[in-house]
Structures are given as structure tokens and as C-alpha cells.
Amino acid sequence: MLPEFKPAWWMRNRHLQTIMPRFFRPFHNTRYDLSTIDTPDGDFLELAWATPHNEQAPLAIVLHGLEGNINSFYAKGMMKKLKQQGFAVVLMHFRNCSREVNRLARAYHSGETEDLRFFINHLKSKFPKRPLFAVGFSLGGNVLAKYLGEHGTKSNLTGAAVVSAPFDLSSSCEVIRKSLGKIYQKYLLDRMKKSMQRKLPQIEQQISLTPEKLMAIDDLWQFDNMLTAPLHGFAGAEDYYQQASAKPFLKSIATPTLIVHAKDDPMLSIKAVPDSLDVSEHVTLRISEQGGHVGFISGKNPFKPEYWLERIVPEYFQQLVKKEQL
């Protein structure tokens with residue numbers, strides 16, 4: 001039994017739910033330690049660990065969204081709450097979202113699951129007796145859901161949670177390109193271009209792109225067509241969107257998984273909202289009418305907003321821990 005989401009009376013607008021949490025938590029911090037792990041292809045992943053004193057605590061992986069990192073408000077909030085609930089928590093930075101530029105030309109994308117598979121297997125071999133969970137937000141949620149569908153009963157996870165994932169990438173790209181006067185698109189593109197700019201020396205042998213041409217890109221589809229797709233072996237943006245969308249994989253999930261989504265999400269298409277026919281019997285759906293994109297702010301007092309995601313995800317994981325202990 002998990003609670004339904006009820007939006008705060010003062011936060012019923014979908015854009016407020018999406019934008020305001022970033023301003024509620026300017027000084028929200030959780031203590032963490034940074035480390036790196038080398039990948040099989042000669043690159044690295046940067047990790048942020050928040051670990052309790054209990055060496056047998058269950059483990060939880062946090063996956064951030066597009067151009068997110070340890071400083072993303074939702075990541076820090078979830079890490080802090082999970083640690084308070086007795087979990088050892090680690091945020092896995094996708095390639096090129098960490099402090100240092102990655103060594104190889106490849107970066108990350110919505111359907112890239114190999115780094116997650118490698119890291120999960122690494123943790124499982126290092127801590128074979130500890131329950132292992134993962135929670136993914138937005139792009140990270142799509143990556144996690146696709147991974148779960150790809151690996152079925154061999155996911156090596158005890159449970160998972162997927163929040164505001166763009167399960168249908170093509171239609172969701174169209175929404176972002178138009179939503180709120182293209183403000184969301186500009187926000188994401190500015191971050192993506194800045195991130196990719198520092199990587200130009202690594203990608204120049206694969207893509208002929210000057211800094212001026214990169215900074216002139218003003219459309220998300222164009223960015224994916226010019227960079228994301230060719231860097232990662234796709235024929236173009238639409239080929240990337242079709243192959244990377246997690247929605248076709250939801251029926252193959254065999255790990256207990258909570259999917260949280262709002263129908264009023266201003267950054268995702270309504271086609272991205274799954275229903276019971278889209279998912280396997282192992283998936284618990286929490287689809288609300290309101291909530292925005294990775295928002296889900298509730299509570300009666302505007303000066304004390306309640307972060308519903310930080311209640312429902314740890315609660316879901318705790319239920320699975322108790323079930324496994326029986």
C-alpha cells in the first residue's frame with residue numbers, strides 16, 4: 001500500500017511543480033564522498049557515495065536526469081532521505097556529467113545501459129549479500145527502465161523506482177521543443193552545449209564540429225541528430241529515439257519496480273505515460289493527474305513543502321527489504 005500523490009494547494013500549476021523545487025532548496029546539502037571506477041573500455045565513471053555506518057546496509061543507486069549531477073536538487077534530496085532510512089546510497093554520474101571530461105568520444109544517452117549494467121554487476125560482486133536498489137529520474141529513469149526490460153530476471157536488483165521518464169522519446173522531444181515558449185528547450189540545450197564544448201577534442205575524429213557550429217545549435221532534435229546519434233552509432237535523431245525509448249521494454253521487467261509519472265508533465269508527451277497494458281505484472285504504477293516533471297510537491301504550508309517522492313520511493317524500497325527478510 002503506497003500513498004497517492006496530492007499536490008499542494010499552492011502548487012497546482014504544472015510549471016510551478018517543475019521549476020519551483022530548484023528554488024526551494026538552494027542550500028540543501030547531504031554529505032558525500034567522490035570516487036571513480038574504471039570502465040572496461042578504458043574510461044571512467046564518477047561516483048558520489050553517502051554511506052551510513054552500517055556495513056550491511058542495503059544499497060541504492062541514484063541515476064540523474066539529462067545534464068544532471070550530484071548537485072541536482074532531486075538527487076541530493078533522495079540521497080539524503082534514503083541514507084536517513086538506513087540505505088548506503090551512491091549516485092552514478094553518466095559520462096561527461098562529472099567534474100572531469102571523460103577520456104573517450106562517447107558520452108551518454110537515454111538508451112545507454114552498458115555503464116549501468118557494469119556498475120550493478122560490480123556492486124553485486126563486491127556486496128553479494130546486500131539488497132541492491134536503483135532509482136532513476138527523467139533520462140536516468142528511461143535508462144533504468146530499459147535496463148530492467150533488457151535483463152529480465154537477471155537484473156541483479158532487488159527493486160527499482162522510475163520517476164518522470166521519457167518513455168517515448170520522439171514525441172517527448174516535440175513537447176520540449178514547444179513547451180513554455182521553448183524555455184525548457186533553451187535551458188537543456190545551454191547545458192548540453194556547454195558540456196559537449198569541453199569534449200570537442202575527443203569527438204573531432206568522429207564528428208567535424210567547430211565550437212561556433214556547436215554553440216549555434218538552437219534545437220533539441222538538431223543536437224541529437226548532429227551529436228547524440230552519430231556519436232553513439234545511430235543513423236539519426238529518429239533512429240536514436242526509436243531504439244532508446246524504454247516503453248517497449250516495460251512488459252519485460254521482472255524486477256519489482258515503481259513507476260511514478262504525472263499526466264501534466266510539461267516536458268514529456270502524453271504518449272510517454274504508461275498504463276497497465278504497457279507494463280509487466282512486476283510494475284506498480286503511480287500515475288497522477290498533477291505533479292509536473294520530477295516535482296510532486298505536496299503539503300499544506302508553503303514554507304514547509306513536502307517532497308512526496310522522498311517519501312514514496314524509500315517506503316517502496318523498505319517494503320521490499322522487509323519482504324526479502326521474511
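Predicted model only: the values in this text are computed from it and were never measured.
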Using a distance-only test with no angle check, is there a side-chain donor-acceptor pair under 3.5 angstrom linking N142 and S110? no
Among L268, D264, V163, side-chain contact (heavy atoms from CB on, under 4.5 Å) partner for H293: L268
For the atom pair CG (L47) and CG (L123), what is the distance rounded to the nearest 0.5 Å? 8.0 Å
Side chains of T228 and F234: does their closest heavy-atom pair fall under 4.5 Å? no
Closest non-hydrogen atoms of K193 and L214, given as atom of the first, atom of the second and distance, are CD-O, 3.1 Å
Looking at D278, is its backbone amide N or carbonyl O close enough to the side chain of D275 to form a donor-acceptor pair, meaning the two atoms are under 3.5 Å apart? yes
Output for pair (D265 CG, S288 OG), nearest 0.5 Å, gives 9.5 Å
Quick one, E306 with R311, criterion salt bridge (Lys or Arg N to Asp or Glu O under 4.0 Å). Give me CA distance, side-chain angles, the key distance, then yes/no. CA-CA 9 Å; E306 296 177 9; R311 175 187 174 191; over 6 Å; no
Look at the aromatic rings of H151 and Y147 and report parallel, tilted or perpendicular, splitting at 30° and 60°. tilted
May I ask you to test the S155-I120 pair for a side-chain heavy-atom distance under 4.5 Å? no
Test side-chain contact (heavy atoms from CB on, under 4.5 Å) on L91 and Y32 and set out the steps. CA-CA 10 Å; L91 179 137; Y32 59 85; over 6 Å; no
Pair V279-I253, side-chain contact (heavy atoms from CB on, under 4.5 Å): steps then yes or no: CA-CA 8 Å; V279 302; I253 292 176; over 6 Å; no
Where the side chain of S125 meets the backbone of N121, is there a donor-acceptor pair that is under 3.5 Å apart? yes
Should W221 and E174 be marked as a side chain to side chain donor-acceptor pair (under 3.5 Å) after you check the CA-CA gap, both sets of side-chain angles, and the distance that decides it? CA-CA 8 Å; W221 185 93; E174 286 300 309; 5.9 Å; no
The reported gap from SG in C173 to CE in M267 (rounded to nearest 0.5 angstrom) is 11.0 Å
In the structure I gave you, are the side-chain heavy atoms of Q290 and Q17 within less than 4.5 Å of one another anywhere? no
Heavy-atom pair with the smallest gap, counting every atom of N225 and P230: O-CD, 3.3 Å
Taking the inter-plane angle between the rings of F127 and W49 on a 0 to 90° scale, is it parallel (under 30°), tilted (30 to 60°) or perpendicular (over 60°)? perpendicular
Compare all side-chain heavy atoms of E100 with those of E46 and state whether any distance is below 4.5 angstrom. no
Look at the rings of H93 and H64 and say which category their plane angle falls in: under 30° parallel, 30 to 60° tilted, over 60° perpendicular. tilted
Take K213 and S208 through the test side-chain contact (heavy atoms from CB on, under 4.5 Å) and record every step on the way to the result. CA-CA 10 Å; K213 287 183 178 179; S208 178; 5.6 Å; no
Would you say E112's side chain and E114's backbone share a donor-acceptor pair under 3.5 angstrom? yes
Min side-chain heavy-atom separation L180-I19 under 4.5 Å: yes
Any E67 side-chain heavy atom under 4.5 Å of L188 side chain: no
Between the side chains of R106 and D41, is the shortest nitrogen-to-carboxylate-oxygen separation below 4.0 Å, so that they form an ion pair? yes
Testing L285, I259, T257, V162 one by one against L250 for a side-chain contact (heavy atoms from CB on, under 4.5 Å), which residue passes? I259
If we only count heavy atoms from C-beta on, is the P211 to L200 side-chain gap below 4.5 Å? yes
If I take atom CD1 from residue I207 and atom NZ from residue K199, how far apart are they, to the nearest 0.5 angstrom? 11.0 Å
Strictly distance-based, threshold 3.5 Å: is any side-chain N or O of R95 a donor or acceptor partner for the main-chain N or O of R103? no
N102 side chain to F44 backbone, donor-acceptor under 3.5 Å: yes
Any side-chain to backbone donor/acceptor pair from K80 onto T30? Under 3.5 Å, distance only. no
In Å, rounded to the nearest 0.5 Å, how long is the span from CD1 of I297 to CG of L16? 11.0 Å
Linking I/L/V/M/F/W/Y whenever any side-chain heavy atoms sit under 4.5 Å apart, do F94 and L169 land together? no
Are L227 and L104 connected in the hydrophobic side-chain network, where two residues link if heavy atoms are under 4.5 Å apart? no
In Å, rounded to the nearest 0.5 Å, how long is the span from CZ of F119 to NZ of K124? 13.0 Å
Check the surroundings of atom NZ in K271: do more than 12 heavy atoms from other residues, nucleotides or ligands lie under 6.0 Å from it? no
With K186, which residues qualify under salt bridge (Lys or Arg N to Asp or Glu O under 4.0 Å), at least two apart? D190
Taking Y187 as the starting point, is it possible to reach L66 by hopping between hydrophobic residues whose side chains are less than 4.5 Å apart? yes
When hydrophobic residues are tied together by side-chain contacts of less than 4.5 Å, even through go-betweens, does I312 share a cluster with V294? yes
Closest heavy-atom pair, A107 versus M196, reported as atoms and distance to 0.1 Å, is CB-CE, 4.4 Å
Give a yes or no answer on whether the side chain of S195 reaches the backbone of N96 with a donor-acceptor pair at less than 3.5 Å. yes
Heavy-atom closest pair, residues R286 and P3: NE-O, 3.8 Å
Just to verify, which of F296, F137, Y307, W308 counts as forming a ring-ring contact (aromatic ring centres under 6.0 Å, His included) with Y74? F137
Please check: side-chain N/O of Q222 versus main-chain N/O of I217, any donor-acceptor pairing under 3.5 Å? no
Can you name the closest pair of heavy atoms from G299 and A8 and give their distance? O-CB, 3.3 Å
Please check this pair: side chain of T158 against backbone of F133, looking for a donor-acceptor N/O pair closer than 3.5 Å. no
Report whether L220 and L231 are members of the same hydrophobic cluster (ILVMFWY, side-chain heavy atoms less than 4.5 Å apart, transitive linking). yes
Full working for side-chain contact (heavy atoms from CB on, under 4.5 Å) between H15 and Y184: CA-CA 10 Å; H15 297 298; Y184 293 124; 2.8 Å; yes
Backbone of A88 reached by a side-chain donor or acceptor of R130 within 3.5 Å: no
The test is side chain to side chain donor-acceptor pair (under 3.5 Å); show your working for S170 and E238 and say whether it passes. CA-CA 7 Å; S170 182; E238 289 303 326; 3.0 Å; yes
Any side-chain heavy atom of L144 sitting closer than 4.5 Å to one from L157? yes
Identify the two heavy atoms, one from P266 and one from R14, that lie closest to each other, and give their separation to 0.1 Å. CA-NH1, 3.8 Å
